[in-house]
Amino acid sequence: MRREKMETILLSADAAGLEQAAAWIKNGEVVGMPTETVYGLAADACNPEAVARVFAAKGRPADNPLIVHIADMAMLPELVSEIPELALTLAEKFWPGPLTMIFKKKDCIPSITSGGLDTVGIRMPSHPAALELIRRAGVPIAAPSGNVSGYPSPTSVQHMVRDMTGKIAAIVDGGECSVGVESTVICFENEDTVRILRPGGVTREMLLTAARHAVIDPAILHELQEGQAVRSPGMKYQHYSPRARVILAEGDYDRFCSYVNAQEEEDIFALVFDGEGEALSVPVMTYGRDEQEQARQLFASLRELDDRGAGCVYVRAPKPEGVGLAVYNRLIRAAGFEVIQV
Ligand code: AMP
Ligand code: MG
């Protein structure tokens, strides 16, 4: 759906701003919504025209489903036809929070929202502005990450303004995102086993406090082969990529430095951990000390590297443990699977 360039209004996350944002959503418009994971593009999940505007604003492939956000447990049975016991236990522990669970959908979720699947991912976000916006709109809210498709996700209102000005009705300023990577997406294999389709803020270790088994889907750490079936459509696409070429380098810091210092491409940058960088002869940016900070800072760092004119970025690989698994998963995609051992 092509539309004229529209004025995009910046709203505060106070009662007046959220009331205005909710009115736009009830009207079938799209609003930038802060959440604790990343900013999203919020629309009425049950209104196909509104959802079509989300796909258009992002340039998102039609088979990549949107996650539907709810504000309370009463909304869940309205949207899904089966709720496993384990889902209730997980909801009790991790909602509101960065966990998306896949259920069989009811007919009120249009096919455009679910990317043509008969399932739907549901999440209850913990950001107070997101919860309040859903309550005021009075509808379930479909919201993918608010970036232009393929680019790193937005974790601040400035990122949203950059990507979405002229394309959506309004953006709610809810400050910086506290988690910084998208939600953990899981589906249910049987009564005590979940499968992690996308790693995020709720880690495998956390899931194992409620589920007996938590299988890591192979697509999280490995490139899909041509024609291979995919459980999580988002894993098919090049994703999270800045304009700069990203190369993920595994190995210790000394070897990383000698390797990068010996490279001769133009506009090389290094993205390393806090406290590192002295031994490098190329411009350096850092993205945190531990995996929590790395998750929070990764996308902003990738965007800033573009702003600084990086042509090629060597990135220190995080440990793929805890929320570091989510950081690693985003980085191998940002790198188009260009992972080297130094
Ligand atoms: P985003 O909206 O950008 O955070 O991406 C949402 C991702 O969640 C999609 O790309 C899918 O990989 C995953 N997802 C959403 N709904 C489903 C579903 N019904 N089945 C499997 N994966 C889903
Ligand atoms: Mg996304």
Side-chain angles (χ1 to χ4, degrees), residues 30 32-43 45 51 54-55 57-70 76 79-82 84 87 97-106 109-123 125 127 130 140-155 159-160 163-164 177 179-189 194-202 215-220 224 228-242 295 298-299 302-303 326 329-331 333-334:
V30 179
M33 171 176 78
T35 84
E36 73 279 18
T37 59
V38 301
Y39 274 73
L41 287 180
V51 172
V54 171
F55 278 88
K58 275 184 72 84
R60 184 171 174 107
D63 67 349
N64 197 355
L66 306 187
I67 291 168
V68 175
H69 296 72
I70 60 174
L76 183 63
L79 306 174
V80 310
S81 59
E82 278 170 35
L99 177 67
T100 297
M101 298 192 259
I102 310 284
F103 300 93
K104 285 232 158 59
K105 77 173 188 71
K106 279 191 173 166
I109 303 284
S111 161
I112 183 171
T113 303
S114 67
L117 300 172
D118 59 4
T119 54
V120 62
I122 309 273
R123 175 166 110 80
H127 194 300
I141 286 187
S145 54
N147 51 293
V148 169
S149 210
Y151 205 60
S153 300
T155 54
H159 298 159
M160 282 299 282
D163 283 18
M164 289 297 149
C177 302
V179 179
V181 289
E182 302 82 350
S183 60
T184 304
V185 178
I186 61 165
C187 63
F188 298 93
E189 301 263 283
V194 298
R195 173 178 289 264
I196 304 174
L197 301 178
R198 177 175 75 182
V202 172
V215 180
I216 295 184
D217 195 80
I220 286 175
L224 286 161
Q228 194 179 337
V230 54
R231 307 280 289 267
S232 179
M235 292 293 169
K236 275 193 307 206
Y237 298 104
Q238 167 101 20
H239 217 149
Y240 318 114
S241 303
L298 175 69
F299 290 137
L302 293 177
R303 283 170 175 259
N329 167 268
R330 304 314 188 266
L331 271 168
R333 283 173 172 73

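In this chain, residues are counted from 1 in sequence order. We count ligands from 1, going down the list as the structure has it; atoms in each ligand are counted the same way.
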Check: Can you tell me how far the CG atom of Asp118 sits from the NZ atom of Lys104, to the nearest 0.5 Å?
Finding: 6.5 Å

Checklist line | Passing option when Pro152 is tested against Val38, Asp163, Leu302, Asn147 for side chain to side chain contact (heavy atoms under 4.5 Å, CB included) | finding: Leu302

Check: Do the ring planes of Phe188 and Phe103 sit parallel (below 30°), tilted (30 to 60°) or perpendicular (above 60°)?
Finding: tilted

Check: Taking the Mg ion (ligand 2) as the centre, how many protein N/O/S atoms fall inside a distance shorter than 2.8 Å?
Finding: 1

Item checked: Residue list, side-chain contact (heavy atoms from CB on, under 4.5 Å) with Ser241, at least two apart or on another chain -> Gln238

Notebook entry, point to check: Taking only residues two or more places apart in sequence or in another chain, which ones pass side-chain contact (heavy atoms from CB on, under 4.5 Å) with Ala130?
Noted result: Met33, Thr35, Pro125, His127

Next item on the list: Say whether, by atom type as modelled, one donor and one acceptor occur between the side chain of Thr184 and the main chain of Val202 under 3.5 angstrom.
Entry: yes

Next item on the list: Look at the side chain of Arg330 and the backbone N and O of Glu182, then say whether any donor-acceptor pair between them is shorter than 3.5 Å.
Entry: yes

Margin query: Is it true that, when you exclude Lys106 itself, more than 12 heavy atoms of the residues, nucleotides or ligands shown sit nearer than 6.0 Å to its NZ?
Written below: yes

Check: Closest approach of Met160 and Pro154, non-hydrogen atoms and distance?
Finding: SD-CG, 3.5 Å

Write none if no such pair exists; otherwise list each N/O atom of ligand 1 with its protein N/O partner under 3.5 Å and the distance.
from: ligand 1; atom 1: 2 (O); to: Arg60; atom 2: NH2; distance (Å): 3.3
from: ligand 1; atom 1: 3 (O); to: Arg60; atom 2: NH1; distance (Å): 3.2
from: ligand 1; atom 1: 3 (O); to: Ser145; atom 2: OG; distance (Å): 3.1
from: ligand 1; atom 1: 4 (O); to: Arg198; atom 2: NH1; distance (Å): 2.9
from: ligand 1; atom 1: 4 (O); to: Arg198; atom 2: NH2; distance (Å): 3.4
from: ligand 1; atom 1: 5 (O); to: Arg60; atom 2: NH2; distance (Å): 3.3
from: ligand 1; atom 1: 5 (O); to: Arg198; atom 2: NH1; distance (Å): 3.3
from: ligand 1; atom 1: 10 (O); to: Asn64; atom 2: OD1; distance (Å): 2.6
from: ligand 1; atom 1: 10 (O); to: Gly234; atom 2: N; distance (Å): 3.2
from: ligand 1; atom 1: 12 (O); to: Ser232; atom 2: OG; distance (Å): 2.5
from: ligand 1; atom 1: 12 (O); to: Gly234; atom 2: N; distance (Å): 2.9
from: ligand 1; atom 1: 19 (N); to: Thr119; atom 2: OG1; distance (Å): 3.0

